[in-house]
Engineer: 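This is the structure I want to talk about, given as structure tokens.
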2 protein chains.
Amino acid sequence: MSKANMLVLEGLRAYLTARISPARALNLSLEAIDPVIVAAPLEPSLNDKGTAFAGSLFSAAALAGWALLTRWCTARSLDAEVALQSSNARFLAPARADFRAIAREPPAAQWEKLGRMLARSGRGRAAVCVDVRCHEAVVMTLDGVYAVMLAGRAK
Amino acid sequence: MSKANMLVLEGLRAYLTARISPARALNLSLEAIDPVIVAAPLEPSLNDKGTAFAGSLFSAAALAGWALLTRWCTARSLDAEVALQSSNARFLAPARADFRAIAREPPAAQWEKLGRMLARSGRGRAAVCVDVRCHEAVVMTLDGVYAVMLAGRAK
């Protein structure tokens with residue numbers, strides 16, 4: 001990993017742990033930023049079936065999408081707020097061990113469109129797909145739409 | 001509340017706290033069962049914007065749907081596993097205070113259909129809508145589809 005990427009990873013990881021309480025409670029941590037990976041141990045997320053609670057799988061996936069967009073803004077020196085607006089989640093199989101949420105890199109055209117929206121109005125929207133994997137199997141997929149707002153433009 | 005309902009509430013509340021680790025971590029608790037209400041304090045769910053993290057809103061809503069179906073099974077003396085299969089969530093406004101997830105009672109026809117499916121094959125599926133409210137405003141809605149499996153039939 002390049003030194004610049006390592007700095008972004010360390011910065012985002014520290015921010016996430018310091019500023020997002022449930023990430024601490026569920027022990028979610030940013031493992032990589034290219035691709036963006038949020039790692040989660042099973043134990044704090046255990047449900048009554050001995051598998052990971054759906055809300056924890058969702059939390060890891062939502063954070064991965066947030067981190068992907070925040071990474072993109074950071075790389076462009078954009079001070080922006082990123083918030084999940086809507087989502088579609090499919091729970092495909094139980095997660096019986098530690099799991100990882102991996103954000104898929106959007107096509108270049110989507111990044112370009114987001115850049116144009118932010119330049120024009122200070123606000124934009126981006127779709128992010130995240131796979132949650134447990135022992136290589138995909139146990140959950142999230143299709144999320146995030147709002148991105150440049151600082152000072154938030155409601 | 002009737003004594004029977006109170007017993008179900010106390011039982012489900014204790015089960016949820018004892019068996020679902022993230023419910024403890026986020027301090028989610030079952031407040032009522034008719035309608036089903038899951039209450040959540042803001043503090044353990046705080047994100048970097050000083051509002052509730054999307055994953056925590058989702059977790060409260062997912063638990064409310066789970067509790068609604070578990071309450072229905074308990075009332076029919078059915079020993080069943082209830083698991084979220086897919087969901088559609090809309091995050092409508094930031095939650096800047098404690099919040100509550102309230103499951104909407106499904107129409108009688110849906111309960112009857114679930115009963116028939118379980119009687120026939122030991123498995124069924126049910127759609128549940130949950131509103132998450134903060135100071136009366138709806139901040140998030142969840143449309144969830146849950147799988148219900150009678151004990152001994154689970155994969």
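The sequence lines fix the lettering, A, B, ..., with proteins before strands; numbering per chain opens at 1.
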Engineer: Hey, which of B:Arg19, B:Arg24, B:Arg90 has the most heavy atom pairs under 4.5 Å with chain A?
Structural biologist: B:Arg19
Engineer: In this structure, would A:Phe91 and B:Val82 fall into the same cluster of hydrophobic residues linked by side-chain contacts under 4.5 Å?
Structural biologist: yes
Engineer: When you look at A:Ser59 and B:Ser56, which way does the side-chain contact (heavy atoms from CB on, under 4.5 Å) test go after all the steps?
Structural biologist: CA-CA 7 Å; A:Ser59 295; B:Ser56 294; 5.7 Å; no
Engineer: If you count heavy-atom pairs under 4.5 Å between each of A:Pro22, A:Ala25, A:Gly55, A:Ser86 and chain B, which one has the most?
Structural biologist: A:Pro22
Engineer: Take atom CZ of B:Arg125 as the centre, draw a 6.0 Å sphere, and report whether it contains more than 12 heavy atoms from other residues, nucleotides or ligands.
Structural biologist: no
Engineer: Among A:Asn47, A:Asn88, A:Leu46, single out the residue with the greatest number of heavy-atom pairs under 4.5 Å to chain B.
Structural biologist: A:Leu46
Engineer: Atom CH2 in A:Trp66, atom CZ in B:Phe53: separation rounded to 0.5 Å?
Structural biologist: 9.5 Å
Engineer: List the atom of A:Ser21, the atom of B:Glu43, and the distance in Å for their closest heavy-atom pair.
Structural biologist: OG-O, 3.7 Å
Engineer: Answer yes if B:Val8 and B:Leu63 sit in the same cluster of Ile, Leu, Val, Met, Phe, Trp and Tyr residues linked by side chain heavy atoms under 4.5 Å apart, and no otherwise.
Structural biologist: yes
Engineer: Who wins among A:Ala54, A:Ala89, A:Gly50, A:Ala147 for the most heavy-atom pairs under 4.5 Å with chain B?
Structural biologist: A:Ala89
Engineer: Checking B:Leu84 against chain A: side chain, backbone, both or neither under 4.5 Å from a heavy atom?
Structural biologist: both
Engineer: In terms of heavy-atom proximity below 4.5 Å to chain B, should A:Leu26 be classed as side chain, backbone, both, or neither?
Structural biologist: side chain
Engineer: Determine, using the 4.5 Å side-chain heavy-atom cutoff (strictly less than), whether B:Leu92 and B:Leu57 are members of one ILVMFWY cluster.
Structural biologist: no
Engineer: Is A:Val128 reachable from A:Val145 through a run of I, L, V, M, F, W or Y residues, each pair having side-chain heavy atoms under 4.5 Å apart?
Structural biologist: no
Engineer: Flag the one option from A:Pro94, A:Ser87, A:Ala62 with the top tally of heavy-atom pairs under 4.5 Å to chain B.
Structural biologist: A:Ser87
Engineer: When you group the ILVMFWY residues by side-chain heavy-atom contacts below 4.5 Å and let the links chain together, are B:Tyr146 and B:Met117 in the same group?
Structural biologist: no
Engineer: Is it the case that more than 12 heavy atoms not belonging to B:Lys49 sit under 6.0 Å from its NZ atom?
Structural biologist: yes
